[in-house]
Amino acid sequence: VASACVLLLFSCIIRAYRWKLLLYPFDKVQLKSVYSATMIGYFGNAIFAFRLGELLKAYSVIKGTRIKTLQAFGTVIIERLLDIIALVIIFIFLIPWFPFDDDYIRYGLISFMLIAIIYAFISFELVKNLENKKWLLSGFGLKLKIAIVRLSEGLNVIRKNEAFHQILMSSILLWGIYFIETIFLVKACGLNLEITEIGILFVLGSIAFGIPALPGSAGTYDAGVKYSLIFAFNISSSKALNYAIISHSVAYFPLLIIGFIYFLFGNIKLNEIKKLS
């Protein structure tokens with residue numbers, strides 16, 4: 001469990017470095033500033049519903065830079081899109097071993113794939129199509145157009161980024177760390193799972209954790225992981241709940257505590273967050 005916590009905190013550095021590369025076309029931001037914003041974002045996701053910490057994360061990184069809020073938020077969306085792509089690739093690799101005989105798991109995966117496709121379409125196409133509408137030429141429409149342009153700049157940053165290969169390698173390393181962390185936690189909880197079964201659990205747990213619901217994915221992650229272990233791998237209810245609680249705690253408390261520390265010293269006021277919302 002301790003090793004899993006260390007891996008999780010190390011993965012935050014990798015994630016911050018990847019985000020730094022995504023921000024590079026707009027401004028050169030120091031890694032420590034990006035790391036601070038990343039941890040503040042985790043803190044926000046831990047206490048706010050619907051993963052609103054992502055907005056807090058984007059707002060935190062722009063201080064002292066030339067980056068606009070919506071440009072930063074666009075790169076955050078790209079970050080999530082990269083994560084979805086990585087998860088889809090892992091899922092495709094594990095298709096031969098997936099328990100598709102379970103209706104809930106099958107429907108959940110289909111829903112995830114549809115959401116991933118819609119997310120990608122909205123990220124790249126909708127903003128681009130709205131940008132040239134006539135009603136965006138004056139008044140409030142003009143202000144909205146400026147916001148759309150800035151957001152689209154953040155969304156298209158991957159296309160014009162010279163560090164594409166570094167972004168790719170950091171994404172592979174990031175998800176490799178997450179997978180190793182899952183192996184450690186499975187062994188720590190005494191679950192007798194094969195490597196492919198751990199991979200399936202990893203995919204299902206990542207999907208459950210990514211659902212924008214209660215703060216820190218409370219409830220959705222625990223229920224999803226417990227159900228998967230019981231019905232897909234015939235794990236006893238007590239062992240399944242034990243793994244769900246421990247793995248959730250490892251992914252929640254270290255990031256909450258460190259993120260809170262960075263939030264306190266990050267000179268971010270709650271009334272600024274309300275205005276931003």
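The residues of the chain are indexed from 1 along the displayed sequence. Since the model is a prediction, treat every value here as computed from it, not as a measurement. Note: hydrogens, waters and symmetry copies are ignored here, and every other heavy atom, side chains too, is used.
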If you define the side chain from C-beta out and look only at heavy atoms, does anything of [X] sit under 4.5 Å from [Y]?
X      : Y      : result
Phe184 : Val1   : no
Arg51  : Ser217 : yes
Phe48  : Pro215 : no
Ile14  : Leu173 : yes
Lys20  : Gln30  : no
Leu255 : Leu9   : yes
Lys57  : Asn45  : no
Ser33  : Val61  : no

How many angstroms lie between atom [atom1] of [X] and atom [atom2] of [Y], to the nearest 0.5 angstrom?
X      : Y      : atom1 : atom2 : value
Asn234 : Ile230 : CG    : CD1   : 10.0 Å
Glu79  : Ile167 : CD    : CD1   : 10.0 Å
Ile235 : Lys226 : CD1   : NZ    : 13.0 Å
Thr220 : Asp222 : OG1   : CG    : 7.5 Å
Asp83  : Ser171 : CG    : OG    : 7.0 Å
Ile183 : Ser3   : CD1   : OG    : 12.5 Å

### Message
Just checking Tyr59 against Phe73, ring centres under 6.0 Å apart?
### Response
no
### Test of ring centre spacing under 6.0 Å for Phe98 and Phe91
yes
Taking all atoms of both residues into account, what is the closest heavy-atom pair of [X] and [Y], and its distance?
X      : Y      : result
Phe43  : Gly259 : CB-C, 3.6 Å
Ser11  : Tyr178 : OG-CE2, 3.4 Å
Ala163 : Leu21  : CB-CD2, 3.9 Å

### Task
Ignoring hydrogens and angles, tell me if any N or O in the side chain of Gln71 forms a donor-acceptor pair with the backbone of Lys68 under 3.5 Å.
yes
### Message
Between Asp27 and Thr65 (side chain of the first, backbone of the second, donor and acceptor by atom type, cut-off under 3.5 Å), is there such a pair?
### Response
no
#### Entry: Mutual orientation of the aromatic rings belonging to Tyr252 and His248 [parallel < 30°, tilted 30-60°, perpendicular > 60°]
perpendicular
### Query
For Tyr17 and Gln166, does a side-chain donor sit closer than 3.5 Å to a side-chain acceptor?
yes
### Message
If we count only N and O atoms by modelled type, under 3.5 Å, do the side chains of Thr38 and Trp19 hold a donor and an acceptor together?
### Response
no
### Query
Which residues, ordered by chain and number, are linked to Ile245 in its hydrophobic cluster, where ILVMFWY side chains connect at heavy-atom gaps below 4.5 Å, directly or through other members?
Leu241
### Task
List for me each residue that meets side chain to side chain donor-acceptor pair (under 3.5 Å) alongside Ser228, sequence neighbours excluded, and say none if there are none.
none
Between side-chain atoms of residues 185-214 and protein atoms elsewhere (two or more places apart, or another chain), which donor-acceptor pairs fall under 3.5 Å?
{"residue": "Glu197", "atom": "OE1", "partner": "Glu194", "partner atom": "N", "Å": "2.8"}
{"residue": "Ser206", "atom": "OG", "partner": "Phe202", "partner atom": "O", "Å": "2.7"}

